[in-house]
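First the structure, in the form of structure tokens, and then the observations on it.
Lettering of chains follows the sequences in order, A, B, ..., and the numbering in each one begins at 1.
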Number of protein chains: 2
Amino acid sequence: MPVTINDVAKEAGVSITTVSRVINGNYPVKKETREKVEAAIKKLNFQPNPIARSLVSRKTNSIGIVVPSITNMYFTEVVDGIEKYARDHGYDIFLNITHGNHKNEQVAVNKFIERYVDGIIVVDPQTENILSGFYNDVVGEIPVVFVNGYHENIDLSFVISSEEKGFTAALKHLYKKGHKNIIFVRGDSSYSYDIKEKIYKEFVKSIGSKEVVISVNAGNSIEVVENTKNALIKFSKDIKIGLDYTALIACNDLMATGALNACHELGIKVPNEFSIIGFDNIVLSQMTSPKLSTVDQNMRKLGEKSAELLLNYIEKGYEVDKVLVETKLILRESCK
Amino acid sequence: MPVTINDVAKEAGVSITTVSRVINGNYPVKKETREKVEAAIKKLNFQPNPIARSLVSRKTNSIGIVVPSITNMYFTEVVDGIEKYARDHGYDIFLNITHGNHKNEQVAVNKFIERYVDGIIVVDPQTENILSGFYNDVVGEIPVVFVNGYHENIDLSFVISSEEKGFTAALKHLYKKGHKNIIFVRGDSSYSYDIKEKIYKEFVKSIGSKEVVISVNAGNSIEVVENTKNALIKFSKDIKIGLDYTALIACNDLMATGALNACHELGIKVPNEFSIIGFDNIVLSQMTSPKLSTVDQNMRKLGEKSAELLLNYIEKGYEVDKVLVETKLILRESCK
DNA sequence: GTGAAAGCGCTAACAG
DNA sequence: CTGTTAGCGCTTTCAC
């Protein structure tokens with residue numbers, strides 16, 4: 001049986017109120033009394049029961065993270081950033097993995113609310129939950145911060161990476177290096193792929209080149225590597241990769257890795273004959289050979305910022321913000 | 001203000017005791033009474049406050065996971081397995097990342113105990129915490145299950161993958177395929193590397209071959225890929241890789257990937273001239289070109305099993321178990 | 001079958 | 001400065 005505030009009070013010869021006061025330091029306590037109490041606390045090794053505390057204070061010092069997947073290196077770094085920031089600030093974190101299912105996401109959020117977590121971070125929320133108004137009700141009950149995902153004209157708080165900027169920078173870099181015909185690789189459905197495709201098409205048009213969009217199945221799962229490889233190999237039968245087209249830009253590093261593998265198999269030298277640039281800067285991009293040039297989304301910062309924002313809401317009240325996290329072009333070995 | 005059991009009692013015209021009974025179904029309640037109460041619960045959309053519940057029941061329906069890292073694909077899959085099993089069985093999970101620091105690990109465990117989680121899973125515990133007796137005190141307070149890590153003659157509950165068997169199988173496979181001179185790659189310090197080295201040396205001796213152990217800095221971080229690559233390239237100056245030595249076995253897939261990258265750079269064809277076999281079967285092993293042959297540790301199952309064990313302890317009482325999870329040789333493209 | 005009342009461990013008026 | 005008391009929302013004796 002753990003020691004309670006009562007035991008401490010008895011040991012110190014004071015009331016439990018006094019003990020409570022020295023624990024919380026929110027009311028004046030005479031120095032000698034405090035010392036007596038502190039001695040008792042130490043002697044008995046007393047830890048206030050957070051459950052009892054929460055019951056009256058209506059604060060649990062915990063936050064919930066809802067994330068589509070954790071085997072995906074992208075999300076993993078975001079979670080890492082959140083965890084560190086939150087823990088450093090005295091919050092424990094609950095984790096719920098939705099596997100990209102929008103119903104699961106709702107269930108997860110509702111369960112966190114029932115648990116009385118102090119706030120929730122949803123990483124890459126399902127677009128339909130954003131659009132359906134599900135979250136508009138939720139934020140009435142509890143502060144929520146979203147990391148990336150669909151956010152156009154949405155009255156909710158987001159931490160977003162400036163993908164447009166980063167993607168444009170990557171494209172411009174390729175162009176500056178003399179690449180005129182650039183292949184674009186995207187997954188089947190995602191807000192972020194749509195944005196990038198739009199930018200790509202406009203860019204290609206602006207330089208008077210022709211567009212080649214390769215769309216592969218899945219987008220963020222392991223399979224996308226293989227899918228991209230196969231798609232590119234198939235594509236290479238019609239068009240001379242390395243001659244007609246000298247560069248490729250992918251919506252994420254998984255796809256870029258798949259493209260790299262295709263070149264490997266086709267005997268195309270990267271970067272000498274063909275340049276590849278990815279997106280995200282997941283750890284994988286440093287493990288390939290050659291190492292991938294990519295656009296750093298700074299996922300860890302994305303996580304930290306969202307946690308920072310959430311803790312602010314918890315402590316000072318909710319409001320709607322959009323925080324932009326800068327992306328950064330990382331030049332490694334896969335393009336020249 | 002959320003609706004409480006009082007509101008329901010009032011609405012249904014019964015006492016809160018009765019409401020509590022229909023919620024928990026632990027005492028007989030007349031059918032019509034129950035229906036009245038259920039109607040009220042539904043009407044008011046009542047959710048029992050888990051904090052209040054925990055305070056009296058001394059059960060939080062939550063477990064804590066302590067893990068060294070989450071950007072490491074290996075741990076990530078373990079956590080995934082735990083999360084799924086626990087959630088499917090009504091438990092929420094707290095996550096704490098220690099970054100491989102044994103002090104952090106202790107703090108994490110203690111914080112979970114203070115939070116009154118119902119049980120704790122420690123993935124790859126720090127050997128010094130195991131040996132120092134830290135955990136022997138802990139299990140007196142709360143059930144704990146460990147996933148892998150040092151466990152020889154340790155009186156604690158472990159879920160362990162049969163690394164010895166898997167590693168031996170990989171070695172035998174290589175030998176059967178005609179490889180006599182096999183290079184071994186390990187990281188600097190880890191119980192699991194030591195075990196593998198021992199097996200390797202015995203095996204090499206048994207087939208009358210000579211041993212080559214390459215030890216690289218770090219073991220489970222991103223850098224190990226690069227470190228292994230460099231080590232192998234350096235090594236290749238003295239000994240003809242692909243001629244004198246035709247195969248390599250690594251302690252994990254990160255190192256195997258590094259070796260693969262080295263071959264790539266050295267112009268050595270894998271698997272035609274040189275065979276590589278990894279360990280773990282992290283997702284990365286399917287993303288390389290050629291895809292890595294490896295030993296599947298079945299990390300997801302490791303996670304699930306540990307959760308299963310823990311929930312059993314929570315519900316039926318703690319005892320000491322050692323559960324072995326089988327490994328499996330996965331032949332893909334990197335060896336022949 | 002049902003309800004009154006005590007209490008889980010703590011905080012926060014309210015008195016003094 | 002310090003103590004008494006009333007809860008927070010729920011479960012669980014103990015009576016009836």
Side-chain angles (χ1 to χ4, degrees), chain A residues 1-41 44-62 90 111 113-118 141-142, chain B residues 1-41 44-62 90 111 113-118 141-142:
Chain A
M1 209 81 278
V3 9
T4 74
I5 196 171
N6 265 296
D7 304 323
V8 177
K10 222 163 280 172
E11 173 75 26
V14 298
S15 76
I16 60 166
T17 311
T18 304
V19 178
S20 172
R21 280 172 188 146
V22 350
I23 297 169
N24 297 300
N26 48 359
Y27 282 91
V29 175
K30 211 203 307 178
K31 195 176 168 210
E32 343 166 1
T33 318
R34 187 206 324 290
E35 281 163 358
K36 263 196 307 188
V37 172
E38 279 164 351
I41 288 178
L44 301 177
N45 189 26
F46 167 67
Q47 305 279 12
N49 181 329
I51 314 274
R53 258 181 157 168
S54 296
L55 187 56
V56 17
S57 69
R58 302 186 156 288
K59 192 150 183 325
T60 56
N61 289 298
S62 65
K111 266 179 47 183
I113 295 175
E114 283 167 32
R115 268 231 180 251
Y116 290 85
V117 298
D118 297 330
E141 302 203 48
I142 185 174
Chain B
M1 208 80 279
V3 9
T4 74
I5 198 171
N6 265 297
D7 303 323
V8 176
K10 222 164 278 173
E11 174 74 26
V14 299
S15 75
I16 61 166
T17 313
T18 303
V19 177
S20 171
R21 281 173 186 145
V22 349
I23 296 168
N24 296 299
N26 48 359
Y27 283 90
V29 174
K30 212 203 303 177
K31 196 177 167 210
E32 342 167 4
T33 318
R34 185 203 329 287
E35 282 164 357
K36 260 195 310 189
V37 172
E38 280 165 349
I41 289 176
L44 300 177
N45 189 26
F46 167 68
Q47 306 278 13
N49 181 329
I51 314 272
R53 255 180 160 170
S54 297
L55 187 56
V56 16
S57 69
R58 306 188 152 286
K59 192 152 185 320
T60 55
N61 287 299
S62 64
K111 265 179 47 182
I113 294 174
E114 283 168 33
R115 268 231 180 251
Y116 290 85
V117 299
D118 297 331
E141 302 203 48
I142 186 174

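Contact detail for R34(B) and V29(B): the closest heavy-atom pair is NH2-O, 3.3 Å. Across A40(A) and E11(A), no two heavy atoms sit closer than the pair CB-CG, 3.5 Å. Summarising the geometry of T33(B) relative to T18(B), their closest heavy-atom pair is CG2-CG2, 3.8 Å, with the distance given to 0.1 Å.
Using a 4.0 Å heavy-atom cutoff across all strands shown, T33(A) reaches sugar-phosphate atoms only and no base atom.
An angle of 40°, rounded to 10°, separates the two end axes of the helix from dG1(C)-dC16(D) to dG16(C)-dC1(D), each defined over five pairs.
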Quiz prompt | Test log, rule side-chain contact (heavy atoms from CB on, under 4.5 Å), inputs T17(A) and Y27(A) | solution = CA-CA 10 Å; T17(A) 311; Y27(A) 282 91; over 6 Å; no
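A donor and an acceptor atom, one from each side chain of N24(A) and R53(A), are located under 3.5 Å apart.
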Quiz item: When you check every protein heavy atom under 4.0 Å of nucleotides 9-16 of chain C, what one-letter string (B, S, -) results, 5' to 3'?
Solution: BBBBBB--
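To the nearest angstrom, P of dG1(C) lies 14 Å from NZ of K36(B). Rounded to an integer number of Å, the gap from CD of E114(A) to C1' of dG9(D) is 15 Å. For E32(A) and dT2(D), the CD to C1' distance is 13 Å, given to the nearest whole Å.
Taking CD1 of I23(B) as the reference point, atom CD1 of I41(B) lies at 5.0 Å (rounded to 0.5 Å).
Closest approach to the S15(A) side chain among dT4(D), dG1(C), dA4(C) is made by dT4(D) (side chain taken as heavy atoms from C-beta onward).
In this structure, the side chain of S54(A) engages the main chain of P50(A) through a donor-acceptor pair within 3.5 Å.
The number of heavy-atom neighbours closer than 6.0 Å to NZ of K10(B), taken from other residues, nucleotides and ligands shown, is 12 or below.
Dashed line: the shortest gap from a side-chain N or O of T18(B) to OP1 or OP2 of dG3(C) is under 4.0 Å.
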